[in-house]
K.L.:
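One structure is given below, represented as structure tokens, and several questions about it will come after.
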Amino acid sequence: MNGQLNDYKYIIVPKKFDSYNIQNKHQTSTTIKHLFNQRGYQAVYDDELPEDLRKNRCLGLLVNLEDTSSLFSTKTTLVLRDCQSIEIFRTVEGKSKIKEFRPAYTDALKKSFVSFDTLQYKYMPKEEEKEIAGPITVSFKNDVKTLEEKPKEPMVVQEATTETQSFKSMEPVPSSMKKADVVAEPINSDLLYAQPIENGYQLVDSTPKVRLKLVETSVENVFLVSHGDKNGVVFKKDDKWFFEYAENGEKVLKELNVKF
């Protein structure tokens, strides 16, 4: 079975699986892509295919997520199919008893991925592919956790994370909060990349260094944060992310440039 996977250069991850009616439901697409890249596969979104994969769809395997969850448990199975829709690989069923949806799906998917941990994957191009292959640059510039709209005028190209992903920073946008409510501080222009961890995310910079750890709450897009001697919250408002905390008896608000 491992030999079969070695025939394929890419893993194609849909931004919306057939089981769901919205993109990236419960962060399934971003979690699956992250877990594949973590294991040495080249995982790409289905609408961001590299040039060689666009020309030859058979270079990649398409991921399908089979969600067989019940009322009391979350259950996931991954199926990989080739360009002719033939099933090439199927994982074990991952199960989780966690009650909250997002951590439950992350837990179940990690358990499904144990099927790949015993494989020694290494792409082995066929002879005909070697003859026509040229230098290919795979860009992960739009690998964002919320699958949000791309920035229109990026300023700086950087390299970040252990996946060596390239990305572009966004121009700072003035906060919509009133001056009377907070102490204004310069917007954090460093692009932070969100990586899933247990019960939340860690935000890493381009070194990569962990800058913040976010703990999920029962409220969507609101996270508890411990940052050195500062305790506060990270939340989303008007499609922007903010870090709010108290300092010297006053509220401080920083806008974060973060890719989820």
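Numbers here simply count residues along the sequence, with the first being 1.
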K.L.:
Hey, are the side chains of H34 and P196 touching, using non-hydrogen atoms and a 4.5 Å cut-off?
P.N.:
yes
K.L.:
Could you tell me if the side chain of D82 sits less than 4.5 Å from the side chain of C58, heavy atoms only?
P.N.:
no
K.L.:
Give me the atom names and distance for the closest heavy-atom approach of K25 to I22.
P.N.:
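Closest approach of K25 to I22, heavy atoms only: CB-CG1, 3.8 Å.
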K.L.:
Taking the side chain from N6 and the backbone from K122, do they hold a donor-acceptor pair closer than 3.5 Å?
P.N.:
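It does hold such a pair.
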K.L.:
Check this for me: K213, atom NZ, are more than 12 non-hydrogen atoms of other residues, nucleotides or ligands nearer than 6.0 Å?
P.N.:
no
K.L.:
Counting only heavy atoms not in K75, do more than 12 fall under 6.0 Å of its NZ?
P.N.:
yes
K.L.:
Taking R81's backbone N and O only, do any of them form a donor-acceptor pair with N64's side chain (distance below 3.5 Å, no angle check)?
P.N.:
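Looks like no, no N/O pair under 3.5 Å.
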K.L.:
I'd like to know if L224 and V219 are part of one continuous hydrophobic network [Ile/Leu/Val/Met/Phe/Trp/Tyr, side-chain heavy atoms within less than 4.5 Å].
P.N.:
yes
K.L.:
Mind checking whether L203 and V210 have side chains closer than 4.5 Å, heavy atoms only?
P.N.:
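The answer is no; the side chains never approach within 4.5 Å.
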K.L.:
Would the Y123 and Y10 ring centres measure less than 6.0 Å apart?
P.N.:
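Judged by ring-centre distance (under 6.0 Å), Y123 and Y10 do not meet the cut-off.
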K.L.:
Quick one: does NZ or CZ of K237 land under 6.0 Å from the six-membered ring centre of F242, within 45 degrees of the ring axis?
P.N.:
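No, K237 does not sit over the ring of F242.
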K.L.:
Using only atom types and a distance under 3.5 Å, with no angle test, would you say the side chain of T91 pairs donor to acceptor with the backbone of S115?
P.N.:
no
K.L.:
Are L212 and I197 connected, step by step, through hydrophobic side chains (Ile, Leu, Val, Met, Phe, Trp, Tyr) whose heavy atoms are closer than 4.5 Å?
P.N.:
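No; tracing contacts between hydrophobic side chains, which count when under 4.5 Å, never links both residues.
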K.L.:
Quick check for you: to the nearest 0.5 Å, what is the distance between L61 atom CG and D7 atom CG?
P.N.:
9.0 Å
K.L.:
Examine distances only and state if a side-chain atom of S73 and a backbone atom of K97 form a donor-acceptor pair shorter than 3.5 Å.
P.N.:
no
K.L.:
Run the numbers on Q38 and Q195 for side-chain contact (heavy atoms from CB on, under 4.5 Å), then give the verdict.
P.N.:
CA-CA 11 Å; Q38 195 177 55; Q195 297 176 334; over 6 Å; no
K.L.:
Under 3.5 Å, is there a donor-acceptor pair between the side chain of N37 and the main chain of A43?
P.N.:
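Looks like yes, one N/O pair under 3.5 Å.
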K.L.:
Compare every heavy atom of I32 with every heavy atom of V63, then report the nearest pair and how far apart it is.
P.N.:
CG1-CG2, 4.4 Å
K.L.:
To the nearest 0.5 Å, tell me how far Y105 OH sits from S112 OG.
P.N.:
11.5 Å
K.L.:
Between F223 and W241, how do the two ring planes meet: parallel, tilted or perpendicular, split at 30° and 60°?
P.N.:
tilted
K.L.:
Kindly write out the residues that satisfy side-chain hydrogen bond (donor to acceptor under 3.5 Å, both in side chains) with Q84, not counting sequence neighbours, or none if the list is empty.
P.N.:
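Scan of Q84 (side-chain hydrogen bond (donor to acceptor under 3.5 Å, both in side chains), adjacent residues dropped) gives none.
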K.L.:
Any chain of hydrophobic side-chain contacts (each under 4.5 Å) joining I11 to V92?
P.N.:
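No; V92 is not reachable from I11 via cluster members.
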K.L.:
Sequence neighbours left out, what passes ring-ring contact (aromatic ring centres under 6.0 Å, His included) with F17? Give chain and number order.
P.N.:
none
K.L.:
Look only at the side chain of K15 and the backbone of Q23, and say whether a donor-acceptor pair between them is shorter than 3.5 Å.
P.N.:
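No, K15 side chain to Q23 backbone: no donor-acceptor pair under 3.5 Å.
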K.L.:
Is the shortest heavy-atom distance from the side chain of F243 to the side chain of R211 under 4.5 Å?
P.N.:
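No, side chains not in contact.
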K.L.:
I'd like to know if R39 and D117 make a salt bridge, using a cut-off of under 4.0 Å between side-chain N and carboxylate O.
P.N.:
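Judged by the 4.0 Å cut-off on N to carboxylate O distance, R39 and D117 do form a salt bridge.
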K.L.:
For a quick check under 3.5 Å, do T31 and T28 share a side-chain donor-acceptor pair by atom type?
P.N.:
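No pair is found: no donor N or O on one side chain lies under 3.5 Å from an acceptor on the other.
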K.L.:
Does Q42 reach the side chain of K9, with side-chain heavy atoms less than 4.5 Å apart?
P.N.:
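Yes. Closest side-chain heavy atoms under 4.5 Å.
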K.L.:
Under a 3.5 Å distance rule, please check whether S19 uses its side chain to pair with a backbone N or O of L65 as donor and acceptor.
P.N.:
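Yes: the side chain of S19 pairs with the backbone of L65.
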K.L.:
Under a 4.5 Å cut-off applied to non-hydrogen side-chain atoms, are L53 and I12 in contact?
P.N.:
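Side chain of L53 against side chain of I12, heavy atoms only: contact under 4.5 Å found.
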K.L.:
Taking a hydrophobic cluster as the set of Ile, Leu, Val, Met, Phe, Trp and Tyr residues connected by side-chain heavy atoms closer than 4.5 Å, whether directly or through intermediates, do Y245 and L256 fall within one such cluster?
P.N.:
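Looking at the clustering, L256 is in the same group as Y245.
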K.L.:
Under 6.0 Å between the ring centres of Y121 and F116?
P.N.:
no
K.L.:
Find out whether V79 and E66 are in side-chain contact, i.e. whether some heavy atom of one side chain is under 4.5 Å from a heavy atom of the other.
P.N.:
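Yes - at least one pair of side-chain heavy atoms lies under 4.5 Å apart.
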K.L.:
Please answer: with hydrophobic residues joined when any side-chain heavy atoms are less than 4.5 Å apart, are L35 and I88 in the same cluster?
P.N.:
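Same cluster: L35 reaches I88 through Ile, Leu, Val, Met, Phe, Trp or Tyr contacts under 4.5 Å.
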K.L.:
Applying the side chain to side chain donor-acceptor pair (under 3.5 Å) criterion to S96, which one of T76, T106, D107, T74 satisfies it?
P.N.:
D107
K.L.:
Give me the atom names and distance for the closest heavy-atom approach of K111 to G94.
P.N.:
CB-CA, 3.9 Å
K.L.:
Before giving the answer on side-chain contact (heavy atoms from CB on, under 4.5 Å), spell out for L62 and R57 the whole-Å C-alpha distance, their side-chain angles and the decisive distance to 0.1 Å.
P.N.:
CA-CA 10 Å; L62 180 65; R57 172 60 180 75; 3.4 Å; yes
K.L.:
Going by heavy atoms in the side chains, are L119 and Y41 under 4.5 Å from each other?
P.N.:
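They are in side-chain contact.
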